[in-house]
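All of these numbers come straight from a predicted model, not from anything done at the bench. What you see below is based on every heavy atom in this structure, not just the backbone, and it leaves out hydrogens, waters and symmetry mates. Here is how names work: the chains are called A, B, and so on, in the same order as the sequence lines, proteins then strands, and each is numbered from 1.
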Amino acid sequence: MSTPVVSIEHVGEHAGKEVSIRGWLYNLRESGKLLFPIFRDGTGIIQGVISLKEHPDAFNAAKGLTQESSVVVTGKVAAEARAPGGYELHVSALEVVQRVSESQPYPIQLKEHGVDFLLDQRHLWIRTPRQASILRIRAEAERAARNFMDSQGYTLTDAPIFTPAACEGTTTLFEVDYIDDQKAYLTQSGQLYVEATAAALGKVYCFGPTFRAEKSKTRRHLTEFWMLEPEAAYAHLEDMMALGEGLVSAMVQECVKNRARELEMLKRDVSKLEKIKPPFPRIMYEEAIKVLNENGNPAKFGDDFGGDEETIISKNFDKPVIIHRYPAAMKAFYMATDAARPELSLSFDMIAPEGYGEIIGGGERLSSYETVIERLRQNNLPEESFQWYLDLRRYGSVPHAGFGLGLERTVAWICGTEHIREVIPFPRMLYRVYP
RNA sequence: UCCCCGGUAGCUCAACGGUAGAGCAUUCGGCUGUUAACCGAAGGGUUGCUAGUUCGAAUCUAGCCCGGGGAGCCA
């Protein structure tokens, strides 16, 4: 009869019973003829106790064992107030799967480390309980986002990574040599492609990595980040603001519900997240300018909002804030304008609370062939590359709208992390592509 | 691209013009309830690179390289 293998997160269900845990040695404290190893298995950590007198074989196998050596341990689960986590394992047997060499000890210690060092060790850094928690929350947020979109009747239609042209500014494109004289670029957004699939399927979204060659070095920027981009035919600005509210609320609430342990591990103030339910405050761009002026910020019509401005505006609310109808001149070529106020675009941004910045940008798209042509020329974009896009206006053009949600910024806000580099398994940033 | 800050042992830092140091990690020894355990000992360094100032430079100066934070731009 072999003992059952259990995960540490479920170990409490086996109190008083003999179990096996397959994992790694997280830390080892020695106290004479008693050893206090801490094991981790990816789902949590648990302290073991090994007595020389009772289990000499296990004791000798564990004594001097190096951090992060892989082990299979067997023992009895016991409720123990003195143990971190409430349970400990009275180890009776320990099998070392691979012993970490003393000459090349595990580099990450149980103490503070610098950012540069940790990023160089990212492949190992993700083993720490904090990083593992963040990655579980990211997964939860992704799952919640897809479930929500699917529940709203949206179909996932993935957009290509290689594209023939820009869809945002041309200066932020990663160029890739393709066949002979052809150029390809890494996508900045799946937006143009979901416009096409929206005309085919009605309500669609894409979800995948996007790339921006921006020279941005801030805690809110990654060179490679994931974006969820819904697009719906016959939809208008109002529809997208409502969809964005529902999507963000679902992502936050599912994490609160299903990842309470991880949020607690991160010491996140969950009461702030529990409030994130529709409706969110909505203000027009012009009103936002007014709020800024009242708070001593000299912003004027036509200015874009930077981090400072976003913080001032979001500070007045405990939910994400939707700012809509930005000046048309500030927005991308495909953005529709307000018929009543042609100088304003039918666009909106959603600003996360607590200074996490813009998590959604979107709006209603141009549907007129003539206007699209005109804007392409104004923006010096190559018409020949956009013939397929123009076809969408030639053949049954309809009003349509959508937005892009930045996954990492949203998850960073949910987790309360200082920097978004922690919320993606392997961050790609300016000057950093290792590991 | 611009503005600030930094680079000393494997890691986190100290020394700020006069012999390069501590804690952690590693090795050895001790400890039956430890909580980033503790106690004792040992090994471990071209102070990011190059040039300059000086009797003497980790320390002052210049240039370069690397990293961090921010601006612009964006999600």
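- With respect to the salt-bridge test (charged N to carboxylate O, under 4.0 angstrom), the residues A/Arg130 and A/Glu422 qualify.
- Classification of A/Arg409 and A/Glu358 as a salt-bridged pair fails, no side-chain N sitting under 4.0 Å from a carboxylate O.
- Between A/Leu430 and A/Glu358, it is A/Leu430 whose nearest contact on RNA chain B lies nearer the 5' terminus.
- Listed pair A/His419 / B/G69 meets the phosphate criterion, a side-chain N or O lying under 4.0 Å from OP1 or OP2.
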Produce the list of close N/O pairs, under 3.5 Å, pairing protein atoms with atoms of nucleotides 22-25 of chain B; give distances to one decimal.
from: B/G23; atom 1: N2; to: A/Lys111; atom 2: NZ; distance (Å): 2.4
from: B/C24; atom 1: O2'; to: A/Gln109; atom 2: OE1; distance (Å): 2.6
from: B/C24; atom 1: O2; to: A/Gln109; atom 2: OE1; distance (Å): 3.3
from: B/A25; atom 1: O4'; to: A/Gln109; atom 2: OE1; distance (Å): 3.4
from: B/A25; atom 1: O4'; to: A/Gln109; atom 2: NE2; distance (Å): 3.4

(request) Any chance you could lay out the side-chain hydrogen bond (donor to acceptor under 3.5 Å, both in side chains) test for A/Ser101 and A/Ser103, step after step, and finish with the verdict? (result) CA-CA 5 Å; A/Ser101 159; A/Ser103 61; 2.7 Å; yes
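- Distances from the side chain of A/Arg421 to the nucleotides B/U32, B/G33, B/G68 place B/G68 closest.
- Contacts of A/Ile360 with the nucleic acid, taken as non-hydrogen atoms under 4.0 Å apart, involve only primed sugar atoms and P, OP1 or OP2.
- Base-pair partner of B/C60: B/G52 (Watson-Crick or G-U wobble, both distances under 3.5 Å).
- Among the protein residues, A/Glu88 comes within range of the nucleic acid bases, having at least one heavy atom under 4.0 Å from a base atom.
- Ring centers of A/Phe148 and A/Tyr154: at least 6.0 Å apart, outside the cut-off.
- Put simply, the side chain of A/Phe305 reaches to within 4.5 Å of the side chain of A/Tyr285, judged on heavy atoms.
- Below the 3.5 angstrom threshold, one finds a donor paired with an acceptor across the side chain of A/Arg409 and the base of B/C74.
- Pairing for B/U46 is absent, with no Watson-Crick or G-U wobble pair whose two atom distances lie under 3.5 Å.
- Taking atom C1' in both B/U27 and B/U32, one finds a spacing of 25 Å when rounded to whole Å.
- As the counterpart of B/U34, no nucleotide is assigned, since no Watson-Crick or G-U wobble pattern has both distances under 3.5 Å.
- Closest approach to the A/Gln47 side chain among B/C74, B/U34, B/G70 is made by B/U34 (side chain taken as heavy atoms from C-beta onward).
- You'll find a donor-acceptor pair under 3.5 Å spanning the side chain of A/Ser216 and the base of B/C73, going by distance alone.
- Contact annotation: the side chain of A/Glu245 never approaches that of A/Ile360 to less than 4.5 Å [non-hydrogen atoms, C-beta and beyond].
- Pairing for B/C28 goes to B/G40, judged as Watson-Crick or G-U wobble with the two contacts each under 3.5 Å.
- Side-chain contact between A/Phe117 and A/Ile108: present, with at least one pair of heavy atoms (C-beta onward) separated by less than 4.5 Å.
- Residue A/Phe36 and nucleotide B/G33 are not classified as a stacked aromatic pair, given the requirement of ring centres less than 5.5 Å apart at an interplanar angle below 30°.
- Rounded to the nearest Å, the gap between the C1' atom of B/C39 and that of B/A57 is 39 Å.
- Under the 4.5 Å side-chain criterion, counting only non-hydrogen atoms from C-beta, A/Glu343 is in contact with A/Phe301.
- Here B/A22 sits opposite B/U12 as a Watson-Crick or G-U wobble pair (both hydrogen-bonding atom distances under 3.5 Å).
- Within the nucleic acid shown, A/Phe117 comes within 4.0 Å of sugar-phosphate atoms alone, with no base atom in reach, counting heavy atoms only.
- Here the separation of B/G44 from B/A75, taken at their C1' atoms, is 47 Å to the nearest Å.
- When the C1' atom is used for both B/G40 and B/G45, the distance is 25 Å, rounded to whole Å.
- Taking atom CD of A/Glu80 as the reference point, atom P of B/U34 lies 11 Å away to the nearest angstrom.
- The partner of B/C2 is B/G70, by the rule that a Watson-Crick or G-U pair needs both atom distances under 3.5 Å.
- Side-chain atoms of A/His113 stay outside donor-acceptor range of the base of B/C11, with no qualifying N/O pair under 3.5 Å.
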